[in-house]
Structures are given as structure tokens and as C-alpha cells.
Protein chains: 2
Amino acid sequence: MESPMSSKVIELPSLEALGTRLAAMDTVDPASAKGRLLQTAAHLFHVRGFDRTTVRDLASAVGIQSGSIFHHFKNKDEILEAVMHDTIVFNTRLVIDALRASASLQDQLLALIRCELESINGVTGEAMNVLVFEWRNLPEDKQSRILKLRDIYESLWLGVISEACREGLLRGEPFVIRRLLTGALSWTSTWYRKDGGLSVAQLAEQVLQMVICQPVPRA
Amino acid sequence: MESPMSSKVIELPSLEALGTRLAAMDTVDPASAKGRLLQTAAHLFHVRGFDRTTVRDLASAVGIQSGSIFHHFKNKDEILEAVMHDTIVFNTRLVIDALRASASLQDQLLALIRCELESINGVTGEAMNVLVFEWRNLPEDKQSRILKLRDIYESLWLGVISEACREGLLRGEPFVIRRLLTGALSWTSTWYRKDGGLSVAQLAEQVLQMVICQPVPRA
DNA sequence: GTCTATAGAAGGATAGAC
DNA sequence: GTCTATCCTTCTATAGAC
């Protein structure tokens, strides 16, 4: 039951260094023609799925002809890659900022949960869902590029969870806890609605309360 | 934060009546030509996705020609529907049996978690993953038929969770708890491996321990 | 940066023989 | 229950004009 990794101490990476690294990555300007194309693509890939969205669908949704798409992207796969890349960079930046602003370990944990819920159910929700649920449609060589970014994001989660386990705030194997949470949080896109009487912050609190051992009462 | 439904008492349906109802539903004989077709379809739909699996792929995987598929199914969608239908019926039967064999409320909760993990990671794993992750590829009229079966399955979960909330074993809104668990458990198919040193029963215990309030020590 | 026109490939489904 | 042959549609991607 005990993973061989559980004895190794996992450290939270330097937030300053990561912040600098993420700031240096470039993403498509959302106001440009290419940027509007990406937002529309994220929307269509989310509601219909990547396979069932044709370049004709995408073109007509932004008001151009299908051939014009290929001025911006070499092929359809590249559109998917760009959606995923820009989304993960954007949300990793948010997480780094939120962790920097958190005073305690429990606050960091809550910040991670809240950020992930926000990324999945907020303005980047459609793109995040594409990242999670259309993963297998990305060709392998393009997967590896995105995986490097995902590793950075995951290292933040694992750093905080591991420390929380050492402090007795969480119980169990950090990798297992993270994966259970990944599933629970990403699945919220299928049922959670912001106008349903439960705010993202409240939902985040409920998730935190469900998993921590000795909940510290909050103001 | 409080849902208007939380005041209504949700009861666990009669297991005897449901058992009889489920026994009456007919499913395809796995040993028949059609049954082998369904198993192969579940496999291919799982690894490649429904859209990227062609009827030619499926035909050659079972060793027949593509035209022969349409002797068994009117169209490709019907294959997907049959995979989903038979899987949910099969697993609902297992859950009913497991609940009947559980002595305490905590045992029932553990049984539900273990059954769902088993259905997702055991012999019906590929078909269950198709049910969860290829849902949107099922045409709407066919969705409603499967949804009726899913409602039965979900009523078992909600009955037990609601009672557990009343007893103080779980904390929070039953619908929210169920949905968080749905995500956490279905996501295990992306990372859990039976040969990784953690059995399904152990994983189920870890999930239970993570969510219950006053864990009762177990033999 | 967008248009028109179209090449070229692949997929779902049918018909009738065996 | 499976085969062969094939129709028809849909889709990605290219080429070259504006």
C-alpha cells in the first residue's frame, strides 16, 4: 500500500523562479484574429468535442471561410494544441499568484482548490475542459510539450499536499490524494453552475472541509 | 449555500424490488457474435474514442468485413447505446447485491465505493469508461433511455449518502458529495493500475477514510 | 488576412449473393 | 451471419487570386 515515493520529501518549488519562467512564455493575444479564433475553438471543442467540430464549423462561427483557418494554423491539431497551451500557462500564473498571497498551509490548499474550480468553471472553463477531456485527441509529439507545462502545475499541488500530509492536515498518499481531487474538481464542470446558489468559494470550502483532518475554524 | 432539496428526506429504494426489476432486463449474450462485437467495441471506443473508431476498425478487430456490422446493428450509434446499456445494467445488479450483503451504513458506503471502483477498473472497465466519457456522442433520444437506468443506479447512492448525512457519518449536501465522489472515482481509470501495489479494496478504504467524519476502526 | 475552388482521402451505410 | 462491391457524403488541406 505504501508507495516507494512516499518516503521522499517533496518540496514546493520556488514561487519567484516559477513566476519569472511563466511570465516569459508567450501566448496569443486574445484581441487578435488568431486569438478570437482560439476562443471560438475552445467553445466549440467543449460543446461538440474536437472530432465533431469541423474546420468549417469553426470558420463560420468566426465569420470567415474554412480555407482561411489555415493561414493561422498549419492544421487542425495545432489549434487544439494552442488552446491547451495558452490555457495551462494562464492558469498556472494565477495559481502562482494565489499561493504567494496565502499565509498558511491550509490557505494554500484552499487557494489551489479555489483556483482549479475557478479555472474549470470560470472564464477559462471551456478551454480547461478541452485540456482535460480532449487530451487523447492531441498527437503524441504535441502532448509532450504540454506535459512539461502540466508538470510545473502539478508540482505546485504536490508540494503543498505533501507538506500538508507531513503536518497532519491531510491523511494518505499525496499522489493518490491529488488524483482523487483532480477527478472531483474537473468533474464539477458537468454539474456545477455558478447561478445555483453555491459560489465557487463556498464549493471550495466544502471540498476542503471534506478532505482535511483537523479543520481549523475560519472567520 | 443550503439547497432547497436538503430538507427532503431521501430514502434508499427497496433492494428486493429493484433486484427483480433489473433481473428482468435483457442484455446481449457475451458469447454470441453480437456479444463479442460489443466487447471489442467497448475496447476500441475506450482506447481511441467513439469518433475515431471506424466501423472498419471494429470489423477488422473481430475478423469480419465492415458491411457485416450492419446485420447486428442498424447504425454505429446503436453499438454505443448497447455498450452503455448492458454495462449499466450489469453493474447496477452488482451494486444491489453488494448493498444487500452489507450490515452497517458504513459498510454500504464502502460497498458503493468499492463496486464503482471495480466497475471502472475491473472487467467492465472499458465499457464503463465509454459510458462516462463518450456520453455526449450518444444521440439525445438514446440518452434518455440510458438515463432512466442511471437514475436507478444514482438513487442507490443518494439513498445511502443521505442516510449517512443524517447519521453524522458524512458532512455536507448529499448531491454535492455524490458528484465529487463521481468525479474522484471515475477519474481513477486514468491513473490507477491494479498491479501498482494498491488493491481496489485498499483504494476504496482510502477514499472512505478521506470523506467520512468519525471513522470507525475496521478489523 | 480572407476569398474561391477543389483535390484527395476516409467514413457510414446499402444491396444482393452466398 | 458474413461477403463483395460500391454509393454518397463529409472532411482536411492546398493553391492561387484579391
Side-chain angles (χ1 to χ4, degrees), chain A residues 26-84 86 130 134 136-143, chain B residues 26-84 86 130 134 136-143:
Chain A
D26 53 70
T27 51
V28 177
D29 173 15
S32 67
K34 192 171 178 173
R36 283 189 302 274
L37 207 49
L38 280 185
Q39 292 166 55
T40 309
H43 173 68
L44 291 176
F45 292 170
H46 171 57
V47 298
R48 291 187 208 172
F50 177 74
D51 284 318
R52 294 169 108 88
T53 303
T54 70
V55 292
R56 288 186 238 271
D57 290 337
L58 178 54
S60 84
V62 297
I64 58 175
Q65 296 300 310
S66 68
S68 308
I69 298 275
F70 298 94
H71 170 74
H72 299 284
F73 300 96
K74 214 169 76 241
N75 54 46
K76 195 184 165 191
D77 292 336
E78 260 196 9
I79 307 176
L80 182 61
E81 187 192 15
V83 168
M84 293 180 170
D86 283 18
V130 170
E134 303 292 335
R136 70 158 144 225
N137 289 315
L138 193 68
E140 278 192 22
D141 55 310
K142 290 181 173 142
Q143 282 190 1
Chain B
D26 53 69
T27 51
V28 178
D29 173 15
S32 67
K34 191 170 179 175
R36 284 190 301 276
L37 207 49
L38 280 184
Q39 291 165 55
T40 309
H43 174 67
L44 291 176
F45 292 170
H46 172 56
V47 299
R48 293 187 207 171
F50 177 74
D51 284 319
R52 294 169 107 88
T53 302
T54 68
V55 293
R56 288 174 172 86
D57 290 338
L58 178 53
S60 84
V62 296
I64 58 176
Q65 296 300 310
S66 68
S68 308
I69 299 275
F70 297 94
H71 170 74
H72 299 284
F73 300 96
K74 216 168 79 239
N75 53 48
K76 196 185 166 192
D77 292 336
E78 261 195 8
I79 307 176
L80 182 61
E81 187 192 17
V83 167
M84 292 180 170
D86 283 17
V130 170
E134 302 293 336
R136 71 160 142 222
N137 290 316
L138 193 67
E140 278 191 23
D141 55 311
K142 292 183 172 143
Q143 283 189 1

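Within every chain, numbering begins at 1; the chains are lettered A, B, ... in the order of the sequence lines, protein sequences first and strands thereafter.
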Chemist: Of the nucleotides D:dA13, C:dG11, D:dC11, which has the atom closest to the A:Thr54 side chain?
Modeler: D:dC11
Chemist: Specify the separation, in whole Å, of atom CZ of B:Phe70 and atom C1' of D:dC8.
Modeler: 14 Å
Chemist: Please give, in whole Å, the distance from D:dC11 P to A:Asp77 CG?
Modeler: 16 Å
Chemist: Do any side-chain nitrogens or oxygens of A:Ser68 fall under 4.0 Å of OP1 or OP2 in C:dC3?
Modeler: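 Checking A:Ser68 against C:dC3: at least one side-chain N or O falls below 4.0 Å of OP1 or OP2.
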Chemist: Let me know the distance between CZ of B:Phe50 and P of C:dG11, rounded to the nearest Å.
Modeler: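 Roughly 13 Å, once rounded to whole Å.
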Chemist: Quick one: which of D:dA13, C:dA13, C:dG12 gets closest to the side chain of B:Asn75?
Modeler: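 Of D:dA13, C:dA13, C:dG12, C:dA13 is nearest to the side chain of B:Asn75.
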Chemist: Under 4.0 angstrom, heavy atoms only, what part of the nucleic acid is A:Thr53 near: base, sugar-phosphate, or nothing?
Modeler: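 Sugar-phosphate contact only - A:Thr53 comes under 4.0 Å of backbone atoms but never of a base.
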Chemist: Using whole Å, what does the distance between atom P of nucleotide D:dC11 and atom CG of A:Asp57 come to?
Modeler: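 Whole-Å distance recorded here is 7 Å.
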Chemist: Does a nitrogen or oxygen in the side chain of A:Gln65 sit under 4.0 Å from OP1 or OP2 of C:dT4?
Modeler: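 So the side chain of A:Gln65 is within the cut-off, an N or O lying under 4.0 Å from OP1 or OP2 of C:dT4.
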Chemist: Nearest whole Å is fine: how far is D:dT12 P from A:Leu80 CG?
Modeler: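 After rounding, the reported distance stands at 13 Å.
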Chemist: May I ask you to evaluate whether A:His71 reaches the phosphate of C:dT2, defined as a side-chain N or O under 4.0 Å from OP1 or OP2?
Modeler: no
Chemist: Let me know, please, whether A:Ile64 or A:Arg56 comes out on the 5' side of the other along DNA chain C by nearest nucleotide.
Modeler: A:Ile64
Chemist: To the nearest Å, give me how far apart NZ (B:Lys76) and C1' (C:dA10) are.
Modeler: 12 Å
Chemist: Answer whether the closest heavy-atom distance between the side chains of A:Phe45 and A:Met84 falls below 4.5 Å.
Modeler: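 A:Phe45 vs A:Met84: side chains apart.
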Chemist: Check the surroundings of atom CG in B:Asp141: do more than 12 heavy atoms from other residues, nucleotides or ligands lie under 6.0 Å from it?
Modeler: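 Yes.
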